[in-house]
2 protein chains.
Amino acid sequence: MYDAPVNLELKAKMFRGFADPTRLSILESLRSGEKTVNAISDLIDQSQSNVSNHLSCLKECGLVVSRREGKNMHYSIASTRVQRLLNVGDLILDEVGDRICRCVRYNGQTSPTDFK
Amino acid sequence: MYDAPVNLELKAKMFRGFADPTRLSILESLRSGEKTVNAISDLIDQSQSNVSNHLSCLKECGLVVSRREGKNMHYSIASTRVQRLLNVGDLILDEVGDRICRCVRYNGQTSPTDFK
DNA sequence: CATACATATCATCAATTAGCCATATGATGA
DNA sequence: TCATCATATGGCTAATTGATGATATGTATG
């Protein structure tokens, strides 16, 4: 059950949608329902152009979908499978969160005192 | 249910374990059971030091565990939740693999002809 | 048509990341 | 103790990635 290298690259690429704090913030913010670019921008405290850029990336990857309503573009999580991935991510974080916060790779050490 | 920023950084960090082709290859190779560094190195066609480096990272994050037996260190997937994440990843890839392969971010475009 | 608002795009740059290679360390057996 | 094998570590470098800010594009309204 060891996959061909090409599929591994695709799968790794898919996971990159979740592996950046900004893109993950966007996905997490959509768990509670569809939102516009400006709403997400305000919620996660990132610039409108940054949010738009990441949403474009997530849409290209099929992780989110969009629906235009007048000037506003409403984004939402593309499927229940993506929701499930986020859920399982929470379960793993419950198990290993205390270890990950000590890891100094990827944007340095994350403060353990704020871990739930 | 929008998480605090610190937890988002932790969760994103956790997903980085899956988001690099080499680390994902290592995790995928362990789905079928525990393996040594050299066995993984041969299987995924990466240098021993590279594999060792990535295994160290995955172990620090709690995604894999190790068991020494003489000279050999045997690595395995840390929990069934990690297995589940890989499974859900497969399901999402089934849905969106054709879109991800067209995405030119992250190591350029991945050939669509090899997509299952 | 002009203006306002929402969103998308692009060039640039700084920071981050992954792999290589050499080497160090640990375990085993003669 | 030494040779061999397995694994871990560190310095260095090239490639990659994410954010910014300016600007372009799309929609709505007067």
Side-chain angles (χ1 to χ4, degrees), chain A residues 5 8-9 12-27 29-30 34-61 64-76 103-110, chain B residues 5 8-9 12-27 29-30 34-61 64-76 103-110:
Chain A
L8 289 168
E9 285 223 26
K13 209 180 250 191
M14 187 272 292
F15 275 116
R16 295 199 83 109
F18 301 87
D20 172 72
T22 302
R23 284 195 298 283
L24 183 62
S25 299
I26 292 172
L27 289 171
S29 76
L30 294 178
E34 74 174 3
K35 289 181 177 62
T36 62
V37 178
N38 275 340
I40 295 169
S41 174
D42 289 340
L43 192 58
I44 72 172
D45 200 32
Q46 289 277 348
S47 69
Q48 175 270 319
S49 72
N50 196 25
V51 171
S52 184
N53 203 37
H54 281 297
L55 277 169
S56 175
C57 171
L58 291 170
K59 187 179 173 186
E60 273 178 51
C61 282
V64 304
V65 293
S66 58
R67 167 182 75 82
R68 183 180 280 280
E69 184 181 284
K71 290 177 188 171
N72 296 105
M73 192 70 87
H74 296 262
Y75 286 89
S76 54
C103 177
V104 297
R105 302 179 209 235
Y106 314 130
N107 305 328
Q109 197 164 21
T110 313
Chain B
L8 290 168
E9 285 223 26
K13 207 180 250 192
M14 186 273 293
F15 274 116
R16 295 198 82 111
F18 302 88
D20 172 74
T22 302
R23 285 196 295 284
L24 183 61
S25 299
I26 291 172
L27 290 170
S29 77
L30 294 176
E34 74 174 1
K35 289 178 177 63
T36 63
V37 179
N38 275 340
I40 295 169
S41 174
D42 288 341
L43 191 56
I44 72 173
D45 200 31
Q46 288 278 347
S47 70
Q48 174 270 319
S49 71
N50 196 24
V51 171
S52 183
N53 201 38
H54 281 296
L55 277 168
S56 176
C57 171
L58 291 169
K59 186 178 173 184
E60 273 176 52
C61 281
V64 303
V65 292
S66 60
R67 168 183 76 83
R68 186 179 276 278
E69 184 181 284
K71 287 180 191 168
N72 295 105
M73 193 70 88
H74 296 260
Y75 286 89
S76 54
C103 176
V104 295
R105 299 177 212 237
Y106 315 129
N107 304 325
Q109 198 164 23
T110 316

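Just so it is clear: chains get the letters A, B, ... in the order the sequence lines come, proteins before strands, and each one is counted from 1. No hydrogens, no waters, no symmetry mates; every other heavy atom, side chains included, goes into these values.
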- In whole angstrom, what separates B:Lys13's NZ from C:dT17's C1'? 14 Å
- Message: Output the rounded distance in Å from NE2 (A:His54) to C1' (C:dT9).
- Response: 14 Å
- Message: Taking only side-chain N and O atoms of A:Ser47, does any of them lie within less than 4.0 angstrom of OP1 or OP2 on D:dA19?
- Response: no
- Confirm from the modelled atom types if A:Gln46 and D:dA19 form a donor-acceptor pair under 3.5 Å, side chain to base only. no
- Task: Determine: side-chain N/O of A:Asn38 to OP1/OP2 of C:dC5, distance under 4.0 Å, yes or no.
- Result: no
- Rounded to the nearest angstrom, tell me the gap between atom CG in B:Asn50 and atom C1' in C:dG19. 5 Å
- Nearest-Å distance, CG (B:Asn53) to C1' (C:dA24)? 15 Å
- Task: May I ask you to check whether A:Ser29 and A:Lys35 show a side-chain donor-acceptor distance below 3.5 Å?
- Result: no
- Should B:Arg68 be listed as having a side-chain N or O under 4.0 Å from OP1 or OP2 of D:dA6? no
- Query: For B:Ser52, which contact category applies under a 4.0 Å heavy-atom criterion: base, sugar-phosphate, or nothing?
  - Reply: base
- Message: Students often get this wrong, so: under 4.0 angstrom with heavy atoms, is B:Thr22 touching a base, only sugar-phosphate, or nothing?
- Response: sugar-phosphate
- Closer than 4.0 Å, any side-chain N/O of A:Tyr75 to the OP1 or OP2 of C:dA8? yes
- Query: Taking CD from A:Glu69 and P from D:dT27, how many angstroms apart are they, rounded to a whole number?
  - Reply: 14 Å
- Query: From B:Leu24 CG over to A:Met14 CE, what is the distance, rounded to the nearest 0.5 angstrom?
  - Reply: 8.5 Å
- Within the structure, does a side-chain N or O atom of A:Asn72 lie under 4.0 Å from either OP1 or OP2 of D:dT27? no
- Between the CD1 atom in B:Ile40 and the OH atom in B:Tyr75, the distance rounded to the nearest 0.5 Å is 8.0 Å
- Message: To the nearest 0.5 Å, what is the distance between CD1 on B:Ile26 and CG on B:Asn53?
- Response: 9.0 Å
- Message: Rounding to an integer number of Å, can you tell me how far A:Arg67 CZ sits from D:dT27 P?
- Response: 15 Å
- Query: Base, sugar-phosphate alone, or nothing: which one does A:Thr36 contact when heavy atoms must sit under 4.0 Å apart?
  - Reply: sugar-phosphate
- Query: To the nearest 0.5 Å, what is the distance between OG1 (A:Thr36) and NZ (A:Lys71)?
  - Reply: 12.0 Å
- Query: Rounded to whole angstroms, how far apart are CG on A:Asp20 and C1' on D:dG18?
  - Reply: 7 Å
- Is a donor-acceptor pair below 3.5 Å formed from side chain B:Gln48 to base D:dA8, judging by atom type as modelled? yes
- Query: Please give, in whole Å, the distance from C:dA18 P to B:Ile26 CD1?
  - Reply: 11 Å
- A:Lys71 or A:Ser49, whichever maps to the more 5' nucleotide of DNA chain D: A:Ser49
